[in-house]
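Residue numbers count from 1 along this sequence.
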Amino acid sequence: MANVGLLFVGAVLFLNGLMLLGKVDSRAAAVFNLFVGGLQVLTPTYLIIAAGQDANRILLASGIFLFGFTYLYVGIGLLMGLDTTGVGYYSLFVSIVALGYSFVSFRLFNDQPFGAIWLYWAFLWFLFFLLLGLKMEPLTPYVGWVTAIEGWVTGVIPAFLLLSGYWVEENFHEIAIALGAFGVLTFGSLWFVLRHKGPGRPVEEYGGAGSPAGSAG
């Protein structure tokens with residue numbers, strides 16, 4: 001069930017990335033944020049109830065709320081034209097907490113790929129904080145591209161591999177290395193390419209929230 005939710009997390013990140021790049025209307029994106037936000041709140045609630053007293057299963061499910069609340073916050077903010085600072089500072093909270101989930105993925109669950117994916121999300125949500133919380137509008141094109149790319153790398157592709165049975169533990173170490181190398185090279189190169197370009201659209205044009213998860217997983 002969580003893997004299905006991850007697939008749609010990838011979709012909403014991709015859509016919100018296109019919104020930040022000016023390719024998708026913000027109010028149209030808001031509706032899909034509400035759909036996915038609702039799914040990402042219902043899913044962990046069910047998983048936690050089904051987990052009984054299993055602390056590890058509860059821990060794994062709890063992280064999904066970070067993203068569900070973000071998408072709901074973003075969707076409502078876009079529709080109501082709210083100021084972006086609220087979702088921006090919430091994104092800072094998500095970014096910090098994501099580091100903790102990355103640590104337990106590496107150390108407690110021995111799940112190196114999702115340890116790396118949580119680092120991707122920590123980086124992305126920190127960018128949302130800079131853009132939406134601190135109103136650093138020149139970052140808009142960069143954040144848009146990072147958001148769209150992460151939708152596929154951290155959402156759609158892992159979810160499809162998990163659902164189809166191709167996400168195998170024997171390859172975890174190699175997958176984590178590939179994710180790390182791809183993230184550093186891609187986002188570093190993207191920053192180099194975009195840094196001399198003009199400033200992005202003002203954050204206010206997004207009706208109060210441009211992240212997916214502003215955004216999370």
Side-chain angles (χ1 to χ4, degrees), residues 1-20 23-52 54 57-98 101 114 117-118 120-122 124-125 127-129 131-133 143-144 146-160 162-163 203 206-217:
M1 187 171 184
N3 297 335
V4 175
L6 183 63
L7 180 67
F8 287 98
V9 163
V12 77
L13 285 172
F14 178 64
L15 189 68
N16 286 339
L18 295 180
M19 177 183 64
L20 287 168
K23 305 298 184 182
V24 174
D25 177 74
S26 61
R27 292 177 66 84
V31 176
F32 194 62
N33 274 271
L34 294 176
F35 289 158
V36 178
L39 175 65
Q40 293 299 88
V41 169
L42 292 175
T43 296
T45 300
Y46 168 80
L47 293 174
I48 289 172
I49 293 172
D54 189 325
R57 290 174 64 190
I58 292 172
L59 176 61
L60 285 171
S62 65
I64 302 174
F65 283 115
L66 295 171
F67 308 113
F69 291 144
T70 308
Y71 302 130
L72 291 176
Y73 202 161
V74 169
I76 293 170
L78 288 169
L79 291 175
M80 297 184 64
L82 302 178
D83 180 77
T84 63
T85 51
V87 72
Y89 277 89
Y90 174 69
S91 296
L92 176 62
F93 168 81
V94 174
S95 177
I96 295 170
V97 175
Y101 280 97
F114 267 92
I117 286 172
W118 275 106
Y120 269 75
W121 288 332
L124 180 58
W125 263 250
L127 291 178
F128 294 147
F129 163 64
L131 178 63
L132 303 175
V143 179
V146 173
T147 303
I149 292 169
E150 286 208 18
W152 290 93
V153 176
T154 70
V156 177
I157 295 173
F160 186 79
L162 285 162
L163 290 167
V203 171
Y206 302 105
S211 77
S215 333

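Between the CD1 atom in Ile96 and the OG atom in Ser91 there is a gap of 11.0 Å [rounded to 0.5 Å]. Here Leu132 contributes atom CG and Thr85 contributes atom OG1; the two are 9.5 Å apart, rounded to the nearest 0.5 Å. For the atom pair CZ of Arg27 and CE of Met19, the computed distance is 12.5 Å after rounding to the nearest 0.5 Å. Rounding to the nearest 0.5 angstrom, the gap separating the CD1 atom in Ile157 from the CG atom in Leu162 is 12.0 Å. Atom OG1 in Thr70 sits 6.5 Å away from atom CG in Leu66 (nearest 0.5 Å). Atom CG of Asp25 and atom CG of Leu18 lie 12.5 Å apart (nearest 0.5 Å).
Atom CZ of Phe32 has more than 12 heavy atoms from other residues, nucleotides or ligands within 6.0 Å.
Here the shortest heavy-atom pairing between Ile58 and Gly52 reads CD1-O, 3.7 Å. Closest heavy-atom contact between Ala61 and Ile48: CB-CG1, 3.7 Å. Between Pro158 and Ile117, the shortest heavy-atom contact is CG-CD1, 4.0 Å. Across Ala29 and Leu15, no two heavy atoms sit closer than the pair CA-CD2, 4.0 Å. The two atoms that bring Leu39 and Gly5 nearest to each other are CD2-CA, 4.0 Å, heavy atoms only. Residue Thr45 comes nearest to Val41 through the heavy atom pair OG1-O, 2.8 Å, listed as atom of the first residue, atom of the second, then distance.
Here the side chain of Thr147 pairs no donor or acceptor atom with the backbone of Gly17 at under 3.5 angstrom. Within the 3.5 Å criterion, the main-chain N or O of Arg57 finds a donor-acceptor partner in the side chain of Asp54. Here the side chain of Ser95 pairs no donor or acceptor atom with the backbone of Leu92 at under 3.5 angstrom.
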- Under the side chain to side chain contact (heavy atoms under 4.5 Å, CB included) rule, what do Ile64 and Leu47 come out as? Steps first, then yes or no, please. CA-CA 10 Å; Ile64 302 174; Leu47 293 174; 4.1 Å; yes

- Task: Output, in order, the C-alpha distance, side-chain angles, deciding distance and verdict of side chain to side chain contact (heavy atoms under 4.5 Å, CB included) for Tyr71 and Val9.
- Result: CA-CA 9 Å; Tyr71 302 130; Val9 163; 3.2 Å; yes

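By the 4.5 Å heavy-atom criterion applied to side chains, Val156 and Leu6 are not counted as neighbours. Using a 4.5 Å heavy-atom threshold, the side chains of Leu127 and Leu131 count as separate. Under the 4.5 Å side-chain criterion, counting only non-hydrogen atoms from C-beta, Leu34 is in contact with Leu72. No side-chain heavy atom of Phe129 sits under 4.5 Å from any side-chain heavy atom of Val94.
Aromatic ring orientation, Phe69 versus Phe65: parallel (interplanar angle below 30°, classes split at 30° and 60°).
Scanning for side-chain contact (heavy atoms from CB on, under 4.5 Å) contacts around Ala30 gives Leu78, Leu79, with sequence neighbours left out.
The residue from Trp121, Trp118, Tyr120 that alone fulfils the ring-ring contact (aromatic ring centres under 6.0 Å, His included) condition with Tyr101 is Trp118.
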